[in-house]
Amino acid sequence: MFPQILFHSFKEISPSAEVKEKLFERIKDKRISQAKAGFEFILSDSDDWVPHPEVDGVKVKRLAVNPEKGYLMMLMKAAAGTVYPSHHHSGSEECYVLEGDLYAQGKILGPGDFHHAEGGSDHEPLHSKNGCTLLLVVDPKDY
């Protein structure tokens, strides 16, 4: 026969907030450090955002640069009311709106909308009434 175990005699133990925080940090570090050669990860909670060097209210996060194929992929966030000045495109630009609104070339774009600009084109000023987050694929020379 098996001995009878009285479950009610066990006390439930919960780790402290400090222990939980250390554990989650180790798990997060492990997700990154176990990447195989040839793969790179930028996690959503990474703090890689930098202010745009010329436009107040805009910050960017570089995701990938491929000089051989001539593209830079990045995220761009613009605060509400931001105006991005007129600019020239050395190469093509692909713009996908993730959040918010973007006014471009006479059109109001929202989440899920896409905009393409050919290399050699000139953009009118862009602006966002409520702020936006964009995924951009551009010529590295333009940024």
Side-chain angles (χ1 to χ4, degrees), residues 2 5-143:
F2 295 105
I5 298 175
L6 302 174
F7 287 99
H8 69 276
S9 65
F10 291 103
K11 181 180 176 187
E12 187 175 314
I13 300 172
S14 181
S16 69
E18 182 182 347
V19 169
K20 287 180 185 178
E21 184 177 330
K22 286 181 181 179
L23 176 62
F24 286 122
E25 282 301 315
R26 289 178 96 185
I27 291 169
K28 179 181 165 187
D29 291 344
K30 198 166 198 143
R31 289 187 301 171
I32 297 168
S33 64
Q34 289 186 344
K36 292 182 179 180
F39 294 89
E40 181 181 349
F41 297 92
I42 299 172
L43 303 177
S44 61
D45 60 356
S46 67
D47 194 23
D48 301 350
W49 293 93
V50 296
H52 191 282
E54 299 171 11
V55 184
D56 289 336
V58 173
K59 55 187 178 177
V60 297
K61 182 180 202 175
R62 286 183 170 216
L63 300 175
V65 181
N66 189 323
E68 296 84 30
K69 294 189 178 181
Y71 73 83
L72 162 66
M73 180 179 280
M74 65 184 194
L75 293 171
M76 179 180 282
K77 283 189 183 199
T82 298
V83 176
Y84 196 95
S86 299
H87 55 280
H88 178 78
H89 294 279
S90 300
S92 64
E93 174 187 80
E94 312 293 343
C95 174
Y96 185 78
V97 181
L98 297 169
E99 298 175 327
D101 60 85
L102 177 68
Y103 184 82
Q105 303 302 113
K107 302 267 186 216
I108 298 174
L109 305 175
D113 291 336
F114 174 79
H115 168 63
H116 170 83
E118 280 294 323
S121 64
D122 293 304
H123 244 137
E124 297 172 1
L126 304 166
H127 67 271
S128 179
K129 179 180 179 185
N130 300 301
C132 62
T133 303
L134 311 172
L135 175 64
L136 297 167
V137 180
V138 297
D139 188 315
K141 293 178 270 187
D142 289 336
Y143 287 88

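Residue numbers run from 1 in the order of the sequence given.
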field: Results of side-chain hydrogen bond (donor to acceptor under 3.5 Å, both in side chains) for S90 - residues two or more places apart only
entry: D142

message: Using a 3.5 Å distance criterion without hydrogens, assess whether the side chain of H52 forms a donor-acceptor pair with backbone atoms of V55.
response: yes

Show me the donor-acceptor pairs, under 3.5 Å and distance only, between side chains in residues 95-104 and residues at least two apart or in other chains.
residue	atom	partner	partner atom	Å
E99	OE1	T133	OG1	3.0
D101	OD1	S128	OG	3.4
D101	OD1	K129	N	2.7
D101	OD2	N130	N	3.0
D101	OD2	N130	ND2	2.9

field: Parallel, tilted or perpendicular: ring planes of F39 versus F41, cut at 30 and 60 degrees
entry: parallel

Sequence-distant partners of D122, side-chain hydrogen bond (donor to acceptor under 3.5 Å, both in side chains), two or more places apart: H88

message: What I'd like to find out is whether the side chain of V50 reaches to under 4.5 Å of the side chain of R62, using heavy atoms alone.
response: no

CD1 (I42) with more than 12 external heavy atoms under 6.0 Å: yes

- request: Please name all residues satisfying side-chain hydrogen bond (donor to acceptor under 3.5 Å, both in side chains) with K61, sequence neighbours left out, ordered by chain then number.
  value: S46

statement: Between Y143 and E93 the two heavy atoms that sit nearest each other are OH-OE2, 4.0 Å

field: Side chain to side chain, L135 and L63, heavy atoms closer than 4.5 Å
entry: yes

With a 3.5 Å cut-off and sequence neighbours excluded, list the donor-acceptor pairs that the side chains of residues 64-80 form with protein atoms.
residue	atom	partner	partner atom	Å
N66	OD1	E68	N	3.2
N66	OD1	K69	N	2.9

Note, P85 side chain near P125 side chain (heavy atom, < 4.5 Å): no

Which atom pairs, donor and acceptor, lie under 3.5 Å between side-chain atoms of residues 111-119 and protein residues at least two apart or in another chain?
residue	atom	partner	partner atom	Å
D113	OD2	G110	N	2.7
H115	NE2	H123	NE2	2.9
H116	ND1	E94	OE1	3.1
H116	ND1	E94	OE2	3.0
H116	NE2	E118	OE2	2.8

